[in-house]
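Here the structure comes first, spelled out in structure tokens, and everything after it is commentary.
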Amino acid sequence: MIDKAVSVIIPCFNYSLYIKQCIQSVLNSDINFETLEIIVVDDASTDNSANIVIDMSKNCKCDIKLIQNDTNIGLIRSRNRGIINSKGEYLFFLDADNYIDKDCL
């Protein structure tokens with residue numbers, strides 16, 4: 001079901017030091033929040049990554065989804081899990097330890 005313009009898919013495994021800056025860079029972009037969704041696929045992290053994503057989603061105007069894997073399934077399968085759960089016409093893949101410029105999307 002497509003109801004968003006862009007789905008940003010972020011696989012994450014133990015990137016608690018970077019995930020907030022990564023998501024914040026997407027939130028700082030010049031795209032309309034109503035047409036955007038952020039999907040973070042936590043690949044069974046053992047750090048605080050999932051809690052950071054949950055905290056950021058609570059006070060956000062943008063749709064931030066957290067998908068948590070029970071076991072570590074790796075980068076590719078985590079990205080595929082994000083794709084399956086996306087609602088965007090376009091997909092943008094972003095690693096959890098990277099960030100984007102304001103006009104990227």
Side-chain angles (χ1 to χ4, degrees):
M1 173 187 200
I2 295 175
D3 70 358
K4 299 286 182 180
V6 178
S7 296
V8 177
I9 299 172
I10 306 171
C12 179
F13 177 69
N14 288 342
Y15 279 114
S16 63
L17 295 177
Y18 307 104
I19 191 65
K20 185 173 183 177
Q21 181 182 5
C22 176
I23 293 171
Q24 193 61 55
S25 74
V26 177
L27 296 175
N28 291 340
S29 67
D30 55 8
I31 193 168
N32 181 342
F33 285 158
E34 293 177 9
T35 66
L36 173 72
E37 71 174 345
I38 300 172
I39 301 172
V40 178
V41 182
D42 180 67
D43 198 14
S45 293
T46 58
D47 66 2
N48 199 34
S49 298
N51 290 331
I52 292 169
V53 175
I54 291 167
D55 287 344
M56 291 188 79
S57 69
K58 288 179 183 175
N59 298 316
C60 186
K61 296 176 185 176
C62 180
D63 185 13
I64 300 177
K65 296 177 188 173
L66 174 65
I67 300 170
Q68 291 183 280
N69 297 337
D70 294 329
T71 59
N72 186 283
I73 61 174
L75 178 65
I76 300 302
R77 290 176 62 198
S78 292
R79 280 189 183 151
N80 287 339
R81 197 152 181 230
I83 292 168
I84 290 168
N85 287 279
S86 68
K87 295 180 181 177
E89 182 175 0
Y90 299 100
L91 304 177
F92 185 85
F93 299 99
L94 181 61
D95 291 333
D97 60 342
N98 291 318
Y99 60 92
I100 60 172
D101 288 330
K102 182 176 181 158
D103 62 351
C104 180
L105 298 175

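The first residue of the sequence shown is numbered 1, and numbering continues consecutively from there. None of these values were measured; they are calculated from a predicted model.
Closest approach of Gly82 and Ile39 over heavy atoms only: O-CD1, 3.7 Å. Among all heavy-atom pairs drawn from Gly88 and Leu91, the shortest one is O-CD2, 4.4 Å. Residues Cys12 and Ser45 come closest through the heavy atom pair O-OG, 3.6 Å. Taking both residues in full, the closest heavy atoms of Leu94 and Ile100 are given as CD1-CG2, 3.7 Å, listed atom of the first, atom of the second, then distance. Nearest heavy atoms, Glu37 versus Lys87: OE2-N, 2.5 Å. Pairing each heavy atom of Asn28 with each of Lys102, the nearest pair is O-CG, 3.4 Å.
Other residues sharing the hydrophobic cluster of Tyr18, ordered by chain and number and joined by side-chain separations under 4.5 Å: Tyr15, Leu17.
Hydrophobic cluster membership differs between Ile38 and Ile67, with clusters built from Ile, Leu, Val, Met, Phe, Trp and Tyr side chains linked at under 4.5 angstrom. Taken together through direct or relayed side-chain contacts under 4.5 Å among Ile, Leu, Val, Met, Phe, Trp and Tyr, Phe93 and Val26 form parts of separate hydrophobic clusters. Hydrophobic clustering of Ile, Leu, Val, Met, Phe, Trp and Tyr side chains at less than 4.5 Å, counting indirect connections, unites Val8 with Ile52. Tracing side-chain contacts under 4.5 Å through hydrophobic residues (I, L, V, M, F, W, Y), one reaches Phe33 starting from Ile23; they form part of the same cluster.
The SG atom of Cys22 lies 10.0 Å from the CG atom of Leu27; values are rounded to the nearest 0.5 Å. Summarising the geometry, atom CD1 belonging to Ile31 is positioned 9.0 Å from atom SG belonging to Cys62; distances are rounded to the nearest 0.5 Å. The distance from atom CD1 of Ile10 to atom CD1 of Ile19, rounded to the nearest 0.5 Å, is 5.0 Å. To the nearest 0.5 Å, the span separating CZ on Phe92 from CG on Leu105 amounts to 5.5 Å. Atom NZ of residue Lys65 and atom OG of residue Ser7 lie 7.0 Å apart, to the nearest 0.5 angstrom. Interatomic distance, Thr35 OG1 to Tyr90 OH, rounded to the nearest 0.5 Å: 11.5 Å.
Around the CD atom of Glu34, the shell of radius 6.0 Å holds no more than 12 heavy atoms that belong to other residues, nucleotides or ligands. For Asp3, the CG atom counts as densely surrounded, since its 6.0 Å shell holds more than 12 non-hydrogen atoms of other residues, nucleotides or ligands. Annotation: Lys4, atom NZ; neighbour count of heavy atoms from other residues, nucleotides and ligands within 6.0 Å is above 12.
Within the 4.5 Å cutoff, the side chain of Val53 has no heavy atoms near those of the Asp42 side chain. Side-chain contact between Arg77 and Asn69 is absent, with no heavy-atom pair separated by less than 4.5 Å. Looking at Ile76 and Asn80, their side chains come closer than 4.5 Å, going by heavy atoms from C-beta outward.
Checked by atom type and distance alone, the side chain of Asp95 never pairs as donor or acceptor with a backbone atom of Asp97 at under 3.5 Å. Remark: the backbone N or O of Ser49 is not paired with any side-chain donor or acceptor of Ser16 at under 3.5 angstrom.
Ion pair Arg79/Asp43 not flagged as a salt bridge, since none of the NZ, NE, NH1 or NH2 atoms sits closer than 4.0 Å to an Asp/Glu carboxylate oxygen.
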Show your reasoning for whether side-chain contact (heavy atoms from CB on, under 4.5 Å) applies to Asn85 and Val41. CA-CA 10 Å; Asn85 287 279; Val41 182; over 6 Å; no
